[in-house]
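Below you'll find the structure, written out as structure tokens, and then a few comments.
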Number of protein chains: 2
Amino acid sequence: MTTAPTGEPRWLSDEEQSVWRAYLHATTLMEDHLDRQLQRDAGMPHIYYGLLVQLSQAPRRRKRMTELAKDAKITRSRLSHAVARLEKSGWVRREDCPSDKRGQNAVLTDDGYEMLRRSAPGHVDAVRQAMFDRLTPEQVRSLGEIMQVVAAGLQPEGTDADLPWLR
Amino acid sequence: MTTAPTGEPRWLSDEEQSVWRAYLHATTLMEDHLDRQLQRDAGMPHIYYGLLVQLSQAPRRRKRMTELAKDAKITRSRLSHAVARLEKSGWVRREDCPSDKRGQNAVLTDDGYEMLRRSAPGHVDAVRQAMFDRLTPEQVRSLGEIMQVVAAGLQPEGTDADLPWLR
DNA sequence: GACCTTTTCTTGAAAGTTGAACTAGATAGA
DNA sequence: TCTATCTAGTTCAACTTTCAAGAAAAGGTC
């Protein structure tokens, strides 16, 4: 899905420009906010924390590397580096996949789980303060719908696998 | 404004969790999408493009480093590196500030302006396809309000300077 | 089995980011 | 003036991300 600039560009309206600026502004500040909070309280960036959360919710607290990368929306390369770092910190360890000798499982360690348990309340609090405590229930509902639409539109092709009628 | 974890954590409701996941998912995909689009069509990451846009809209197409950093919501350090890179590419040049010998202006070059003019349509198109073409006018309006609220809540302290009654 | 393609994951180098330390110039007070 | 403090911007080292390249195993197909 390339962005072929056709004949005449359709510029954004004044309102759209303003909304777009607000979107960029808010998402930038939010990401900075959470990165700083987690760096301070858990010693890692937001994305790494997200990896641990994914693992904590997986059966037996482990996941194949590729699956973890897909769920966290990062490349396998990036995940390799990230897991190496988390392994050094002791929150995660690697384990050979029994059924596929190419495969690796990332496993959340007990220390990792404990760290997560300790820092979760502070993180939820940060998310709440930054977003949910400021929005009306109606706005929360609306935001959910909007984000669903946007995410669906940007879903990488691979996800077409979930749409059998396209195959 | 630290996030002191008080006695009992107030967890997110099911709906809030789902909205939060959708938010993270959508914003991650959006940022990836725009980074890729601009890397391909303009040879730079999204944030660098944003710096050039800021400069193009400033009087005489120039801005003090600190002001540019503040407007783009990045640190002065990051801006130093970014401008060094953009200078090497020829899109920006530095210029001593006449009134303050410590100061530097970042100036958008003619080449930089031309590059912006060429790549703007494709970029607007990407934004449109990813967001505005998928939302109803009502949703666009709502998104704008929500992002305003969130951004306002995360505004760094410095911006209190704009609120005289707090001084 | 031999051959080719695909999938899984890692590696290394280049590019980008961060936070702290640092230089130079501005500012304010005694 | 002299001094202390603050501000503007850069630089360094440590860390993270990206992209291209590569090793190893799996899955066809003949």
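Just so it is clear, the model here is predicted, and its values are computed rather than measured.
- Under the side chain to side chain contact (heavy atoms under 4.5 Å, CB included) criterion, A/Q104 pairs with A/M65, A/R94, A/D96, sequence neighbours left out.
- Annotation: of the two residues near DNA chain C, A/G103 and B/Q39, the 5′-most nearest-nucleotide partner is A/G103.
- If you check residues 65-86 of chain B against DNA chain D, the residues with a heavy atom closer than 4.0 Å are B/M65, B/T66, B/R76, B/S77, B/S80, B/H81, listed by number.
- Between the side chain of B/D35 and the main chain of B/H46, a donor-acceptor pair closer than 3.5 Å is present.
- Shown here are the ring-ring contact (aromatic ring centres under 6.0 Å, His included) partners of A/F132, two or more places apart in sequence or in another chain: there are none.
- Contacts of A/R102 classified as side chain to side chain contact (heavy atoms under 4.5 Å, CB included), with partners at least two apart in sequence or in another chain: A/D100.
- Bracketed by its first and final contacts, the part of DNA chain C lying under 4.0 Å from non-hydrogen atoms of chain A reaches from C/dT7 to C/dG19 in 5' to 3' order.
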Counting primed atoms, P, OP1 and OP2 as sugar-phosphate and everything else as base, the B/S/- map of nucleotides 2-7 of chain D against protein heavy atoms under 4.0 Å is -----B
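- Applying a 4.0 Å cut-off to non-hydrogen atoms, the residues of residues 46-56 of chain B that approach DNA chain C are B/I47, B/Y48, listed by residue number.
- Residues A/T27 and B/T27 bring no donor and acceptor atom of their side chains to less than 3.5 Å of each other.
- In this structure, A/R85 has no salt bridge (charged side-chain N to carboxylate O under 4.0 Å, His left out) partners at least two apart in sequence or on a different chain.
- Residues satisfying the ring-ring contact (aromatic ring centres under 6.0 Å, His included) criterion with B/Y48, sequence neighbours excluded, are absent altogether.
- By the salt bridge (charged side-chain N to carboxylate O under 4.0 Å, His left out) test, A/E31 is found to be paired with no residue, residues two or more places apart in sequence or in another chain being considered.
- Here the straight-line distance linking atom CG of A/L51 with atom CH2 of A/W91 works out to 14.5 Å at 0.5 Å rounding.
- Residue B/R64 is the one, among A/D100 and B/R64, whose nearest nucleotide of DNA chain D lies closer to the 5' end (criterion: closest heavy atom).
- Rounding to whole angstrom units, CD of residue A/Q104 and P of D/dA25 are separated by 12 Å.
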Side-chain donor-acceptor contacts of residues 66-78 of chain B below 3.5 Å, not counting sequence neighbours, with atom names and distances?
from  : atom 1 : to    : atom 2 : distance (Å)
B/D71 : OD2    : B/K63 : NZ     : 2.6
B/K73 : NZ     : B/D71 : O      : 3.2
B/T75 : OG1    : B/R78 : N      : 3.1

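- To the nearest angstrom, P of D/dT18 lies 10 Å from CD of B/E31.
- In this structure, B/V107 shares a hydrophobic cluster with no other residue, the cluster being traced through Ile, Leu, Val, Met, Phe, Trp and Tyr side chains under 4.5 angstrom apart.
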